[in-house]
Amino acid sequence: MATPVGFHALPLPIVQLSLAAVLKCGQSFRWSIFPLLYASHGDIAVSPTSPTHEYRFCLRDRLVCLRQSPDTLFYHTVFPEVPTSPTQKALKEAETLTWLRDYFQLDIDLMKLYEDWSNRDPVFNKLRSRFSGIRMLRQDPWENLVSFICSSNNNISRITKMVTSLCKHYSPPLLSLLPPCQLDKLGENQEPESYHPFPPPSVLAAPEVASVLRSLGFGYRAEFIQRTAAMLVTAHDLDTAADAREPSEKWLMTLRDLDTSEAREELLKFIGVGRKVADCILLMSLDKREVIPVDTHVQQIAVKHYGLRASSGTKANMTPKLYDEVNTKLAKVWGDYAGWAHSVLFTADLKSFSSYGLPSPSSPAISADAESLGKEAIAVPPTPPLTPSPSPIKRRRAREVTSQPEQAVAIRDEETLQPDDSSFSGSASSLADRVKKRRRVTVDVATKL
DNA sequence: ATTATACCCTAA
DNA sequence: TAGGGTATAA
């Protein structure tokens, strides 16, 4: 497989990382995804293992572009200004590689983890071949925090729109770039897209942000975001180092050094952050690999496949107690990297992945067909799409873009494991506690640095 | 200490 | 009419 022009090649088996799965399974909401459509015949030589997509992510100073073949990750960096010398350029690409290793946590051997989870858990074992390469990203905590405040009572599609719109409105474009060459669109003249970094806390802390976000369709989360940003900025004076991370962002990073429960306690002080959102942040950007965020999906998975008692009422809400029950049970099943394992199951449960390998949630998915899903591994290699498929990046003029709700689809009616007497750990903090803790945030944090 | 209800918006 | 939650008030 030839390296695409302008790209660097990093050898990496796709079982270690599947971009197609990881970048749209609800961890990060800021990756642009472009289908690459090749002519099946013609003068362009294409192997069946050619990358099917390009993925783009905007950092504060550069745009990272990725493609993937079964054994190679291709990366390419675009800067606002072309690097002066070739040496300079090489240096910059090396930085990008460093970022990639960190962001995708490439030092963690995913095969070993899959092996371990398979031994521990027959349910996982059934899925491993169909959902390989799903690993946890190591995201920026600030971006992660805001994104997941957006996630409450919401679906991936809308969260993505909200985050995109947030960036467009509150951070200037870093650069503009044409979409990658798409042969089906050779005739059409394509518009360059502008790429925006994630806005820093000080920008979102401004009081008027709440109402603006509201008008942008953020709903009640608008206030959460603005107030959380304000809390953060207030607690950590900005001594504004122009281009770098702000102090409050750095402080969020230091939560990586705390114990899980300490870090969680800090996160829960923010407005709009409850247990579930806090756990998402712990897992996805604060290195707490054992943490399992429990949403209604995960709860259903736990009931269906792991013998957890169904919630008492017909329509019971997620109580802290139930949350801990689910959490403890699954943590026990999956062990040290339970949060990572959860992500595989969670992804497998997304409707858009019921036909994993096919590009679009709108394709007539085999979806609700729990039967076919459970049978032998179909091991579908990602097939280059034959027809143009709607990408999430379709230009959106109006705010009403049809979106596909990510719904649950049964993984499989498997023999349920016998219920396990799980011990409860941890306890929800009372309202009073939380109020006190919130009041203390400034003081606490001030003494911390 | 637990439990119920509103919340913003979208899809069904 | 319910949803990939959280903040409030009972």
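All heavy atoms count here, side chains included; hydrogens, waters and symmetry mates do not. The sequence lines fix the lettering, A, B, ..., with proteins before strands; numbering per chain opens at 1.
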How far, in whole Å, is [M] from [N] if one measures between their [atom1] atoms?
N: dA4(B); M: dA2(C); atom1: P; value: 16 Å
N: dC8(B); M: dA9(C); atom1: P; value: 15 Å
N: dT5(B); M: dT1(C); atom1: P; value: 16 Å

Check your understanding: Salt bridge or not for R245(A) and D140(A), using N-O below 4.0 Å?
Key -> yes
If I take atom [atom1] in residue [X] and atom [atom2] in nucleotide [N], what distance separates them, rounded to the nearest angstrom?
X: Y323(A); N: dG4(C); atom1: OH; atom2: C1'; value: 11 Å
X: F29(A); N: dG4(C); atom1: CZ; atom2: P; value: 13 Å
X: R275(A); N: dT2(B); atom1: CZ; atom2: C1'; value: 17 Å
X: I301(A); N: dG4(C); atom1: CD1; atom2: P; value: 12 Å
X: L166(A); N: dC9(B); atom1: CG; atom2: P; value: 16 Å
X: N155(A); N: dA12(B); atom1: CG; atom2: C1'; value: 13 Å
X: I271(A); N: dA7(C); atom1: CD1; atom2: P; value: 6 Å
X: M318(A); N: dT3(B); atom1: CE; atom2: P; value: 13 Å

(message) Tell me if the side-chain of Y220(A) makes a donor-acceptor pair with the base of dG5(C), cut-off 3.5 Å, by modelled atom types.
(response) yes
Next on the checklist: Looking at dC8(B), I'd like to know if its phosphate oxygens (OP1 or OP2) sit under 4.0 Å from a side-chain N or O belonging to R214(A).
Outcome noted: yes
query: Is the shortest side-chain N/O distance from T296(A) to OP1 or OP2 of dG4(C) below 4.0 Å?
result: yes
Verify whether the ring centers belonging to W340(A) and Y114(A) lie closer than 6.0 Å. no
message: I want to know whether Y103(A) and F57(A) have ring centres closer than 6.0 Å.
response: yes
Among the candidates [options], find the nucleotide nearest to the side-chain atoms of [X].
X: T319(A); options: dT6(C), dG4(C), dT3(B); answer: dT3(B)
X: R158(A); options: dC8(B), dG5(C), dT3(B); answer: dC8(B)
X: N153(A); options: dG5(C), dA11(B), dT3(B); answer: dG5(C)
X: K161(A); options: dA11(B), dC8(B), dG5(C); answer: dA11(B)
X: R221(A); options: dG4(C), dT8(C), dC8(B); answer: dC8(B)

For F224(A), which contact category applies under a 4.0 Å heavy-atom criterion: base, sugar-phosphate, or nothing?
sugar-phosphate
So CG of L283(A) and CD of E290(A): to nearest 0.5 Å the spacing works out to 8.5 Å
Annotated structure of DNA chain C as dot-bracket, pair cut-off 3.5 Å, Watson-Crick or G-U only, | for inter-strand, is |||.||||||
- Kindly confirm or rule out a cation-pi arrangement of R56(A) over F34(A), judged by NZ or CZ under 6.0 Å from the six-membered ring centre and within 45° of its axis? yes
request  = Using only heavy-atom distances, determine whether the side chains of T164(A) and R30(A) contain a donor-acceptor pair under 3.5 Å.
outcome  = no
With E266(A) as partner, the option from L255(A), L286(A), T254(A), V273(A) fulfilling side-chain contact (heavy atoms from CB on, under 4.5 Å) is L255(A)
With sequence neighbours left out, the residues meeting side-chain hydrogen bond (donor to acceptor under 3.5 Å, both in side chains) with E249(A) are none
